[in-house]
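Only one structure is covered here, and it is reproduced in the block below.
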Number of protein chains: 2
Amino acid sequence: MDFYNELEKYKNIVENELKKVLNELDLPQQEIVESMRYSLLSGGKRLRPILLIKSCELFGGNIKSAIKLSIAMEMIHTYSLIHDDLPAMDDDDYRRGQLTNHKVYDESIAILAGDSLLNYAYELMIDEVIANDYSKKYVDAMNIIAKSSGYKGMIGGQVVDIISEKKQIDDKTLNFIHKYKTSKLIEASIIAGSIIGGANTQEINTLKKYSEYIGISFQIKDDILDIVGDKNILGKDIGSDIDKKKSTYVSIYGMERAKSDLNMYKEKAVNIMRKFESDESFFFIDLAEYLTKRVN
Amino acid sequence: MDFYNELEKYKNIVENELKKVLNELDLPQQEIVESMRYSLLSGGKRLRPILLIKSCELFGGNIKSAIKLSIAMEMIHTYSLIHDDLPAMDDDDYRRGQLTNHKVYDESIAILAGDSLLNYAYELMIDEVIANDYSKKYVDAMNIIAKSSGYKGMIGGQVVDIISEKKQIDDKTLNFIHKYKTSKLIEASIIAGSIIGGANTQEINTLKKYSEYIGISFQIKDDILDIVGDKNILGKDIGSDIDKKKSTYVSIYGMERAKSDLNMYKEKAVNIMRKFESDESFFFIDLAEYLTKRVN
């Protein structure tokens, strides 16, 4: 299938770029380099960096102008996973079928590996600003990424997720967690890419809507997979949300409603992208379908 | 004394600015706002932000143009302390006479509070870049701060500090830890301030030397205070380095040598600042003396 080839192609582009960083050897602080690399290169869909590059292309930009930011975005995502897996947080031993960072390295090293991946994301983004002659576009893109990652963005969602554990929560709280913990970085990837590609304000606002819908459907699908998914394909245990007494889209709305809402948000996302008259927009339409049908 | 008045004045300027941030109320993620504020406003010498502002003034800049970056710098310093105090790291219950962040809030919140202070530092710095019409100076200053904070900077020092615990280490390793864990952010504060103030390359290189010397003397003094300090004035237990079997400047070189080296580095720092013919340079000379004589 054409879409899957395209997805694989861009995933490889991202993977190859990720392999180029953190290649230092024999530093006194070598262990942190290895720990950062371990999590950064332990798989994943690379959804956020691919979205960033593709959004840049949607408006006429090229891969080269988006690749570094896309790597930075993946580092922010990866740091959040390392910290999320810590014993004091979700206390997970496995992710994507591999031992989590703190199970391979010390817990102290895992904390610092997360810290330094977050910091390194900014180091890379600032390098890009300078390499592009202090271009406003790159500053604006970095700004969107920064605002979406902090306590008013992704971290805000993580906080509410944690304080809601083992509690019955209402749909408003669940939507907050989904929007902030998951959708914010997806939206930031798409908007940052659009800015680098040269989108205007109206186009950016349209893309924001698309981001919102695929963000929600991504999370609903995650909640569904936690119940009906295949452990071996998912690379983690099924039913972990139930074990942790976590409220999910399924536990609040039921499986039927979860599936029909998933379809509704996917349709909304697809309809938005149909407005763009560009070859690149097909990728975004197919992506919305893919996120709904994925098995891991 | 004139110097102490000046120090107090600038400390108050920094404190007042710190009080202005993180004032949100009634957010769903309110707990993280309070946790960040708790550590940010729980005292400290405010050495790094004061150095940043003063370095800016040394080259003709004003307080207003440096204050936001100085706050961002204090946030990076504060996040590193919150994470350093965690059970998996130094496992400290008190800092500056007050309970550490994870003792007041959950360990999970403390991890996220550290993360979001680091991220918020970049949010503020990017805001400053934009507010100053995408000025190169602000990007360059942010770049220095970013590079000094990451795994090739401060975090690198923390990593070697942790893997060296309970081990006999040589003077080379100790110097690495001191240089990276402590001096890097002090140096970054001074250089970032100098850039904003308009220093030229030669002036920046001279300031780097000064930073290096006060960074080392700051750390030697810390190691001395851990043995001969007053618990009530320090706000933490004496002998904690010995309890943790940590190698220090005193354990490696002995108290006599530590004291004479402290004096030597102080003299070097003072001699460098004598070259600057500016009223502001006296502050830096007095500061080098102060760091040598301080009791906390």
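So you know, we letter chains A, B, ... as the sequences are listed, proteins then strands, and number each from 1.
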Is B:Glu123 paired with A:Lys152 through a side-chain N to carboxylate O contact shorter than 4.0 Å? no
B:Tyr249-B:Asp222 side chain donor-acceptor pair, cut-off 3.5 Å: no
Heavy-atom distances under 4.5 Å only: say whether A:Leu86 touches chain B with side chain, backbone, both or neither. side chain
Report which part of A:Phe176 has an atom under 4.5 Å of a heavy atom belonging to chain B: side chain, backbone, both, or neither. side chain
Under a 3.5 Å threshold, yes or no: a donor from one side chain and an acceptor from the other, between B:Gln29 and A:Tyr180? no
Interface moiety of A:Gln30 toward chain B, non-hydrogen atoms closer than 4.5 Å: neither
At a heavy-atom separation under 4.5 Å, does A:Tyr79 approach chain B through its side chain, its backbone, both, or neither? side chain
Quick one: what part of A:Met36 sits under 4.5 Å from any heavy atom of chain B, side chain, backbone, both or neither? side chain
Quick check for you: among B:Leu27, B:Leu117, B:Asp115, which has the greatest number of heavy-atom pairs under 4.5 Å with chain A? B:Asp115
If the threshold is 4.0 Å, N to carboxylate O, is there a salt bridge linking A:Asp84 and A:Lys181? yes
Applying the side-chain contact (heavy atoms from CB on, under 4.5 Å) test to A:Val160, which of A:Ile169, A:Ile155, A:Thr173 qualifies? A:Thr173
For each of B:Ile145, B:Asp106, B:Leu118, tally heavy-atom pairs with chain A at distances under 4.5 Å, and name the one with the top tally. B:Leu118
What option among A:Asp133, A:Ile130, A:Ile109 has the most heavy-atom pairs under 4.5 Å with chain B? A:Ile130
What part of A:Ile162 gets within 4.5 angstrom of chain B, counting heavy atoms only: side chain, backbone, both, or neither? side chain
So what's closer than 4.5 Å to chain B heavy atoms on A:Val129: side chain, backbone, both or neither? side chain
Below 4.5 Å, heavy-atom pairs only: which of B:Val33, B:Asp140, B:Ile76 has the largest tally toward chain A? B:Asp140
Pick from B:Ala121, B:Ala110, B:Ser116: which one has the most heavy-atom pairs with chain A under 4.5 Å? B:Ser116
Residues B:Arg95 and B:Asp90 bridged, charged N to O under 4.0 Å: no
Identify whether the distance between the nearest side-chain nitrogen and carboxylate oxygen of A:Lys68 and A:Asp127 falls below 4.0 Å. no
Between A:Gln158, A:Glu107, A:Lys147, A:Glu31, which residue shows the highest count of heavy-atom pairs closer than 4.5 Å to chain B? A:Lys147
Whether A:Lys20 and A:Glu17 form a salt bridge (side-chain N of Lys/Arg under 4.0 Å from carboxylate O of Asp/Glu) is what I want to check. yes
Under 4.5 Å from a heavy atom of chain A, the part of B:Ile163 involved: side chain
Quick check: closest heavy atoms across A:Gln98 and A:Ser42, and the distance to 0.1 Å? OE1-CB, 3.1 Å
